[in-house]
Protein chains: 2
Amino acid sequence: MSEPIEIQITEFKRACREVGLRLTHQRLAIYREVALATDHPTAEALYQRLHDTFPMMSLDTIYRTLATFVHHGFIKKVDTIESLARFEVTHKQHHHLICSRCQEIMDFQWTTIDDAPLPIETASWGRIDNKNVVVYGVCKKCLS
Amino acid sequence: MSEPIEIQITEFKRACREVGLRLTHQRLAIYREVALATDHPTAEALYQRLHDTFPMMSLDTIYRTLATFVHHGFIKKVDTIESLARFEVTHKQHHHLICSRCQEIMDFQWTTIDDAPLPIETASWGRIDNKNVVVYGVCKKCLS
DNA sequence: GTGCGTGCAAACGGTTTGCATGCTT
DNA sequence: AAGCATGCAAACCGTTTGCACGCAC
């Protein structure tokens with residue numbers, strides 16, 4: 001799916017230096033956790049996971065760090081109808097399957113759409129940056 | 001874009017009767033407001049608009065009513081990265097352009113995507129209900 | 001008349017913020 | 001040594017909930 005974690009971490013460190021962000025243990029740990037996660041975790045979920053190896057890390061730091069990462073484009077917030085914010089590392093173009101029942105989110109590729117031009121009417125709206133497909137349904141686990 | 005408001009209202013009344021929802025002034029006013037809105041309003045925004053003609057309507061009622069409407073499929077929550085919930089009446093298949101700067105949301109049609117089959121891998125995920133494209137960019141107003 | 005829907009007010013929960021301390025640079 | 005980042009605790013704000021009254025049926 002994506003690059004090995006070590007390479008991502010190295011790239012992350014470089015990016016931090018580039019934009020002048022201090023490389024703290026917390027930031028490294030949080031980035032690593034988001035990069036390893038495949039489930040688009042919430043701030044709270046990350047807090048719980050990090051608490052084992054990092055008992056002193058506070059929830060505020062997670063929120064602040066996630067906001068910083070989003071601001072610099074290292075990670076992205078995920079589009080959902082939930083009020084809970086979910087995050088993922090910024091990697092290659094992909095789309096989301098969301099289960100209406102358990103809210104689980106899965107990534108999938110759809111290059112047909114990535115390459116398809118938007119309808120011409122959208123051109124007059126402004127500048128287009130990116131497009132993502134959100135698919136709703138019910139996952140196999142919830143169906144059975 | 002969509003049907004005349006009177007027809008929508010009539011259909012709404014019928015639907016309420018069908019599912020056994022009492023037809024209160026509040027529900028009618030809220031439905032009408034969402035149906036007339038083109039800007040995917042928040043609960044708060046609806047509250048402000050309704051306050052002129054309906055000074056006694058409370059914000060809680062708006063929240064409760066919106067939840068009821070969503071539950072019955074009369075309206076939909078909109079996918080965004082905001083923590084604010086936004087709503088729109090359920091009408092024909094469409095997609096969203098979102099301005100990263102002012103958060104304004106605009107509808108657009110893209111039948112190419114509506115008709116395109118999802119990649120086969122998604123079939124093993126579960127049951128697919130619907131798919132929507134979310135496009136991010138910066139609208140003309142914010143660009144100038 | 002019955003009981004669902006509403007208004008009021010208080011609670012809730014995720015997220016943000018001010019301030020003093022600590023750690024990266 | 002300088003000042004950004006963190007931890008703590010309190011504030012914030014959108015949303016939900018309990019309760020008693022009122023209105024649609």
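Below, chain A is the first sequence line, B the second, and so on; all start at residue 1. All values derive from a computational prediction rather than experimental measurement.
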Quiz item: Using rotation axes that map the C1' atoms of four end pairs onto the next four (five pairs an end), what angle separates the end axes of the helix from C/dG1-D/dC25 to C/dT25-D/dA1, to 10°?
Solution: 40°
Quiz prompt | For the student: nearest non-hydrogen atoms of A/Gln93 and A/Gln109, plus distance | solution = O-NE2, 3.0 Å
Quiz item: How would you list, by chain and number, every residue that makes a ring pair (Phe, Tyr, Trp, His ring centres under 6.0 Å) with B/His96, sequence neighbours excluded?
Solution: B/His40, B/His94
Quiz item: Could you state the CG-P distance from A/Leu84 to C/dC12, rounded to the nearest angstrom?
Solution: 18 Å
Practice problem: Go through the structure and list residues passing side chain to side chain donor-acceptor pair (under 3.5 Å) with A/Glu6, not counting sequence neighbours. | Solution: none
Quiz item: Can you name the side chain to side chain contact (heavy atoms under 4.5 Å, CB included) partners of B/Glu44, sequence neighbours left out?
Solution: B/Thr42, B/Tyr47, B/Gln48, B/Leu59
Self-check item: Given DNA chain D, 5'-ward residue of the pair B/Thr42 and A/Gly20, judged by closest heavy atom
Solution: A/Gly20
Quiz item: Quick one: salt bridge (Lys or Arg N to Asp or Glu O under 4.0 Å) partners of B/Lys141, sequence neighbours excluded?
Solution: B/Glu104
Quiz item: Which residues satisfy the salt bridge (Lys or Arg N to Asp or Glu O under 4.0 Å) test with B/Arg86, sequence neighbours excluded?
Solution: B/Glu82
Practice problem: Check every nucleotide of DNA chain D for an atom under 4.0 Å from a heavy-atom of chain A, then give the first and the last such nucleotide from 5' to 3'. | Solution: D/dG3 to D/dA9
Quiz item: Which atom pair, heavy atoms only, marks the closest approach of A/Tyr31 to A/Gln8?
Solution: CE2-O, 4.0 Å
Self-check item: DNA chain D contacts made by residues 48-78 of chain A, counting heavy atoms under 4.0 Å
Solution: A/Met56, A/Met57, A/Ser58, A/Asp60, A/Thr61, A/Arg64, A/Thr65
Self-check item: Whether A/Phe12 and A/Phe69 hold their rings parallel, tilted or perpendicular, with breakpoints at 30° and 60°
Solution: perpendicular
Exercise. Quick one: list whatever passes side chain to side chain contact (heavy atoms under 4.5 Å, CB included) with A/Glu33, sequence neighbours left out.
Key: A/Leu46, A/Arg49, A/Leu50
Shorter than 3.5 Å, N or O on both sides, protein versus nucleotides 22-25 of chain C: list them out with atom names.
residue, atom, partner, partner atom, Å
C/dT24, OP1, A/His25, NE2, 3.3
C/dT24, O2, A/Arg22, NH1, 3.2
C/dT25, OP1, A/Leu23, N, 2.9

Quiz item: side-chain hydrogen bond (donor to acceptor under 3.5 Å, both in side chains): which pairs involve residues 64-75 of chain A, sequence neighbours left out?
Solution: none
Quiz item: Can any side-chain N or O of B/Thr111 pair as donor or acceptor with the backbone N or O of B/Asp114 at less than 3.5 Å?
Solution: no
Exercise. Answer yes or no: is there a donor N or O on one side and an acceptor on the other, between the side chain of A/Arg127 and the main chain of B/Cys139, under 3.5 Å?
Key: no
Self-check item: Residues in ring pair (Phe, Tyr, Trp, His ring centres under 6.0 Å) contact with A/Tyr136, at least two apart in sequence or another chain
Solution: none
